[in-house]
Colleague: 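I have a structure here, written as structure tokens, and I will follow up with some questions on it.
This is a predicted model, so every value here is computed, not measured.
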Amino acid sequence: MLNKKLEFVGNLKKFMIGSLAVILIGLIVALVLGPVLDITFSGGTKITYSFDGKLDTDKIAQIAADTIEKKVSITTTSGVSDDSQKLVVSLADKDALDTKLIDKLTDKLAGKDFKDNKIKQEEVLSVSPSVGVIFFAKCLVAVVIAALLVIIYTAIRFRKIGGWLAGTSAMVALLHDILIAFAASVIFRLPIDANFIAVVMTLLGYSLNSTIVVFDRVRENKRIYGNKESLENLVNMSNNQVLSRNVMTNISTVLSILIVLIVCEINGIASLRSLTVPLCFGLASGAYSSICLAPAVWVKWKQASDAKKKAKGKK
């Protein structure tokens, strides 16, 4: 018999319970507090200013709220390669902000209270809710197409070990990683914007690579051992063989993203939080799902499929 070090297939239920618990927490937070949608998807107005020195963002937020008479969000960013600083005033609303209110706000920010900061308006972006919905729908279409291509590619590559089952198992793992990334965004109250779509597309490629490494080793071991060993033993052995490789690869990638996050926080580049934070959680989830979920799910579906074919053959 094969020398198994760690049991993966037998612990599938435990792995799924842990994953569902994290996803459920994210969904509950999303239902109770609601996801923070960027104006790109929800519609609204975003005003960008340049400034010097240090700003009292709480005071800015109060002035903006009193002027516009609606709830606004304030973010500041700093350039990495230069000393440029940006102030972004965002308002999520179904109607574009009136230009008179924008000019009034700009006059107040350029007034004596902030004369040393030399605040200047640089850009105004207004998006209607209908345009936001259309853009969101197009992003979803792109994700669905990418997901279908993932299933087709995996099915063709691993057709000798039940390709379509392998493809759908890989898709289950990818969906898991996307939900974990979404839960991270919701729990940390990060905006769901174009950055999050970039996170999803990155996970579709990167997490798939880790899953393919496992299935490739399963295919190789299946060729060597044939039917001498059960699917559970083959998967457990394959997982143990690639475990250190997958873990170390994903740790190095997550550390790289963490460094980017730290540099952004030091320089006040808050706009990249919606990219780096969910990406870190998604990549960590990808290391977990490619080992603990996708291969084990494939075993269960393969066994069910083989049993069904065997039952039909007896009739």
Side-chain angles (χ1 to χ4, degrees), residues 19 22-23 26-31 33-48 73 75 77 86 88 90-97 123-154 167-168 170-211 253-254 257 260-261 264 269-286 289-290:
S19 297
V22 176
I23 293 171
L27 293 178
I28 290 175
V29 174
L31 290 173
L33 300 179
V36 181
L37 291 178
D38 184 75
I39 66 167
T40 307
F41 295 143
S42 65
T45 302
K46 182 181 292 185
I47 314 168
T48 303
S73 63
T75 57
T77 63
K86 305 294 182 184
V88 180
S90 300
L91 168 69
D93 196 61
K94 63 180 181 179
D95 297 320
L97 192 61
E123 182 184 17
V124 177
L125 173 65
S126 294
V127 180
S128 68
S130 59
V131 173
V133 170
I134 293 173
F135 181 65
F136 184 69
K138 289 181 178 180
C139 290
L140 286 181
V141 170
V143 171
V144 170
I145 292 174
L148 291 174
L149 291 175
V150 164
I151 295 176
I152 294 172
Y153 168 76
T154 309
T168 50
M171 200 62 248
V172 168
L174 291 173
L175 179 60
H176 167 272
D177 301 338
I178 292 171
L179 288 174
I180 293 294
F182 174 76
S185 294
V186 171
I187 292 172
F188 289 101
R189 310 309 295 157
L190 299 172
I192 304 298
D193 53 12
N195 281 343
F196 185 78
I197 301 301
V199 170
V200 173
M201 300 302 285
T202 301
L203 292 177
L204 283 172
Y206 196 89
S207 295
L208 174 65
N209 181 65
S210 297
T211 304
T253 306
V254 171
I257 301 298
V260 173
L261 175 60
C264 290
I269 309 176
S271 58
L272 286 182
R273 287 177 190 163
S274 60
L275 173 70
T276 53
V277 173
L279 187 56
C280 282
F281 279 89
L283 290 174
S285 173
S289 65
S290 63

Colleague: When rounded to the nearest 0.5 angstrom, what distance separates CG in Leu275 from OG1 in Thr202?
Modeller: 7.0 Å

Colleague: Evaluate the side-chain proximity of Ile47 to Val88: yes if any heavy-atom separation is below 4.5 Å, no if none is.
Modeller: no

Colleague: Please tell me if the side chains of Ser185 and Val277 come closer than 4.5 Å, counting only heavy atoms from C-beta onward.
Modeller: no

Colleague: I'd like a table of donor-acceptor pairs (distance under 3.5 Å, sequence neighbours excluded) in which one partner is a side-chain atom from residues 191-200, with atom names and distances.
Modeller:
unit_1, atom_1, unit_2, atom_2, d
Asp193, OD1, Asn195, N, 3.0
Asp193, OD1, Phe196, N, 3.3
Asp193, OD1, Ser274, OG, 3.4
Asp193, OD2, Ser274, OG, 3.0
Asn195, ND2, Ser271, O, 3.1
Asn195, ND2, Ser274, OG, 3.0

Colleague: To the nearest 0.5 Å, what is the distance between CD1 on Ile187 and CD1 on Ile180?
Modeller: 8.5 Å

Colleague: Nearest 0.5 Å please: distance from the CD1 atom of Ile23 over to the CD1 atom of Ile178.
Modeller: 10.5 Å

Colleague: What distance separates Ser285 OG from Leu179 CG, expressed to the nearest 0.5 Å?
Modeller: 9.0 Å

Colleague: Would you say Ile39 and Thr45 make side-chain contact, with heavy atoms under 4.5 Å?
Modeller: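 No, too far: nothing below the 4.5 Å cut-off.
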
Colleague: Does the side chain of Leu261 come within less than 4.5 Å of Leu272's, by heavy atoms?
Modeller: no

Colleague: For the CD1 atom of Ile151 and the OG1 atom of Thr168, what is their distance to the nearest 0.5 Å?
Modeller: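 Rounded to the nearest 0.5 Å, the CD1-OG1 separation comes out at 6.5 Å.
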
Colleague: Are any of the side-chain heavy atoms of Val143 and Met201 separated by less than 4.5 Å?
Modeller: yes

Colleague: Closest approach of Pro35 and Ala30, non-hydrogen atoms and distance?
Modeller: CD-O, 3.7 Å

Colleague: Write down the atom of Val186, the atom of Gly26, and the distance for their closest heavy-atom approach.
Modeller: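 Where Val186 meets Gly26 most closely, the heavy atoms are CG1-O, 3.7 Å.
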
Colleague: Taking side chain as C-beta onward, heavy atoms only, is Met171 less than 4.5 Å from Leu148?
Modeller: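 No, side chains not in contact.
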
Colleague: Within the structure provided, determine whether Leu208 and Thr154 are in side-chain contact (heavy-atom separation under 4.5 Å).
Modeller: yes

Colleague: Closest heavy-atom contact between Val254 and Ala284?
Modeller: CG2-N, 4.0 Å

Colleague: Can you tell me which residue among Ser290, Ser19, Ser210, Ser289 is in a side chain to side chain donor-acceptor pair (under 3.5 Å) with Asp177?
Modeller: Ser289

Colleague: Rounded to the nearest 0.5 Å, how far does CG of Leu279 lie from OG1 of Thr253?
Modeller: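 So the gap between those two atoms works out to 9.0 Å.
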
Colleague: Would you say Leu91 and Lys46 make side-chain contact, with heavy atoms under 4.5 Å?
Modeller: no

Colleague: Can you list the steps and then say if Phe182 with Phe281 is a ring-ring contact (aromatic ring centres under 6.0 Å, His included)?
Modeller: CA-CA 9 Å; Phe182 174 76; Phe281 279 89; over 10 Å; no

